[in-house]
Amino acid sequence: MDLHGRTVIPGFIDAHIHLLATGYRGQRVDASACISEDEVADLVRARAAMTPAGQWIEGSHWDHNLWPNSSFPTRASLDAAAPEHPVALASKDFHMLWVNSRALELAHITAETPDPAGGSILRAGNGEPTGVLQEADATKLIFDVVTPPDPVVSRRLMEQELAHLQSRGITTIHDIEGDLSLDIFRQLRDEQKLGVRVQMIMPRQMLSQLPGLGINNAENDLLRVGGIKIFADGTLGSQTAAMLDSFEGSPGNRGILALPEQEMMDTVQAAAELDLMIAIHAIGDRAARVALNSIEHAQRTLVRQGNKAMPLKNVRYRLEHVQLIAPEDLTRMRRLGVIASIQPFHAVADRDIAERYWGRRSRRAYAYRTMHDMGIPIAMGSDAPIETYDPLSIIYAATIRRDPATKRPPWMPDQALSIVSALGGYTLGAAYAGAEEQRKGSLTVGKLGDAVILRDDILRVDQQHLSENGVQATILGGNIVYGSV
């Protein structure tokens, strides 16, 4: 093919995305532009006016950190906005749910309901739930009674998002979701309509089921089940990240450790023995330490067990996000060969709350350049729907350390990656994180023919205009699936 001066690079690999959740974002209440609790309530009120009484109203992306006083919302405003509907709104980071009284009633959550081990029910002075639930063990109480997604609608939304991925030059995703997404991907693969390669990372609760899912990793180039996702903690924005020291301005609040350390050790070891990828969500420095304790335990156990009949080719140990980590644990990451699965847009989106809640510690947060220079393997992704999944915008954030949509100065530019390093993290680094570096990630004879054609040379264009570089075509397996050449 004559590209007439345009540039070809390996297909982008998004190493951390939630695709079905991304599709649903546009169908539900989107509070991302709201700067107060009342503005969110107004959106719910408008949605209630067009929704039959009794049906759930769902939404996401409220961010109390942007509101006056950064106060958590309460159920009272949702009760007034939608008295005849149960309402459940996920926070921007999806680690909190804001619900109304009707939703609490359906879930049988009262002042007498105890806090689950890995979550919290926020309460007023009299013990009554305020309407905000933190972390999965608590939010599950609501999700257990929410009307499940319609499979037909879910498939339509997934197909739309797959087409959008192609237009961004993404040829492989590591999708961190569950059964419904896997079923849809299977349908599309069987109908030859998938169009993007998918590696599923399933919830840790499904570990025992993975060997029987019937997807042969060795013979399947389009759809694989690669491993499991474990939550070690919460998030910065929700102040639930597990911390070695308290959050600034909140003495005694060291976040939430989402899984007891012994249970994490047992889970990591079991997954490693099955030759699976282990992706551990770790945002706070205490969570990173506990995760590394579990990984080191598993590695030592496997060594003691001696040689196996089948060599472990697919096991990869990954820390997802790794936003704040102690220097000694960075050294341990390198020694253990643990991958830093990072989403650089978080660094530029979180800069204000990182300084607010971590204080001086924020100077060593999102330390991408330090990780790279230490030799820690890096894989890059988006964490959509929390942030954009446009690789060029994310590479801009990684190399310039600011949001291309703003005029703010770069944040901690000493931690910026070079363009070569960032591109490597979105291609060969992400392929390695999925144990697919022998088949993907570079334009090499014998690998899958996945590529992106850009208008300008990504290595030579002025970095200030990097995010404006247009994807001209996306090639999957040698076939053009988007654009033209």
Side-chain angles (χ1 to χ4, degrees), residues 17-51 55-104 107 120-122 129-136 138-139 141-143 146-147 149 153 157 160-161 234-240 343 345-346 348-354 356-357 382-390 403 405-406:
I17 193 170
H18 314 274
L19 196 62
L20 185 56
T22 301
Y24 267 108
R25 178 178 176 179
Q27 302 294 304
R28 296 170 173 168
V29 173
D30 185 344
S32 57
C34 297
I35 58 173
S36 71
E37 179 175 349
D38 288 342
E39 287 190 7
V40 183
D42 287 342
L43 292 181
V44 171
R45 183 176 291 106
R47 183 61 61 95
M50 62 181 72
T51 304
Q55 288 189 10
W56 281 87
I57 295 175
E58 295 181 73
S60 67
H61 278 71
W62 58 272
D63 186 355
H64 72 288
N65 296 296
L66 303 177
W67 303 350
N69 302 320
S70 301
S71 300
F72 287 116
T74 71
R75 57 178 168 162
S77 54
L78 296 183
D79 289 345
E84 298 181 350
H85 303 78
V87 181
L89 307 177
S91 57
K92 177 187 176 181
D93 56 24
F94 284 76
H95 281 250
M96 294 191 291
L97 268 185
W98 172 21
V99 302
N100 65 353
S101 296
R102 181 63 183 139
L104 292 171
S120 179
I121 301 169
L122 300 191
T130 64
V132 174
L133 298 91
Q134 294 178 318
E135 297 307 320
T139 60
L141 301 174
I142 297 292
F143 286 128
V146 171
T147 304
V153 173
L157 295 174
Q160 291 176 359
E161 293 303 327
T235 64
L236 166 63
S238 296
Q239 297 182 64
T240 54
Q343 303 77 42
F345 214 92
H346 283 315
V348 299
D350 294 351
R351 56 192 293 178
D352 293 329
I353 58 173
R356 183 189 309 171
Y357 296 138
S382 64
D383 204 10
I386 296 175
E387 304 293 353
T388 178
Y389 58 58
D390 175 44
D403 182 346
T406 73

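Note that these values count all heavy atoms, side chains included, but never hydrogens, waters or copies made by symmetry. Throughout, residue positions are numbered sequentially from 1 according to the sequence presented.
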Quiz prompt | Partner residues of Glu135 under the side-chain hydrogen bond (donor to acceptor under 3.5 Å, both in side chains) criterion, sequence neighbours left out | solution = His95, Thr240

Exercise. Could you list the residues that satisfy salt bridge (charged side-chain N to carboxylate O under 4.0 Å, His left out) with Asp352, not counting sequence neighbours?
Key: Arg408

Quiz item: Just by modelled atom types, is the Leu89 backbone N or O under 3.5 Å from a matching donor or acceptor in the Trp62 side chain?
Solution: yes

Exercise. Can you sort out the partners of Ser32 under side-chain hydrogen bond (donor to acceptor under 3.5 Å, both in side chains), two or more places apart, ordered by chain and number?
Key: Arg25, Asp30

Practice problem: Would you please name every residue forming a salt bridge (charged side-chain N to carboxylate O under 4.0 Å, His left out) with Arg102, sequence neighbours left out? | Solution: Glu105

Practice problem: Could you list the residues that satisfy salt bridge (charged side-chain N to carboxylate O under 4.0 Å, His left out) with Asp79, not counting sequence neighbours? | Solution: none

Quiz item: What pairs meet the ring-ring contact (aromatic ring centres under 6.0 Å, His included) rule with one or both residues in residues 18-49, with sequence neighbours excluded?
Solution: His16-His18

Quiz item: For Arg28, which residues count as a salt bridge (charged side-chain N to carboxylate O under 4.0 Å, His left out) partner, sequence neighbours excluded?
Solution: Glu58

Self-check item: Residues that His85 engages under ring-ring contact (aromatic ring centres under 6.0 Å, His included), provided they are two or more places apart
Solution: none

Quiz item: Any luck finding a side-chain donor-acceptor pair between Glu161 and Thr22 under 3.5 Å?
Solution: no

Quiz item: Can you list the residues that meet the side chain to side chain contact (heavy atoms under 4.5 Å, CB included) rule with Val348, with sequence neighbours excluded?
Solution: Phe345, Ala397, Asp403

Quiz item: Residues two or more places apart in sequence or in another chain: which of them pass side chain to side chain contact (heavy atoms under 4.5 Å, CB included) with Glu39?
Solution: Cys34, Ile35, Ser36

Practice problem: Under the side-chain hydrogen bond (donor to acceptor under 3.5 Å, both in side chains) rule, collect the residues that match up with Ser238, sequence neighbours excluded. | Solution: Asp93, Thr235

Quiz item: Can you find a heavy atom in the side chain of Val87 that is under 4.5 Å from one in the side chain of Val29?
Solution: no

Quiz item: side-chain hydrogen bond (donor to acceptor under 3.5 Å, both in side chains) with Arg75: which residues, sequence neighbours excluded?
Solution: Ser101

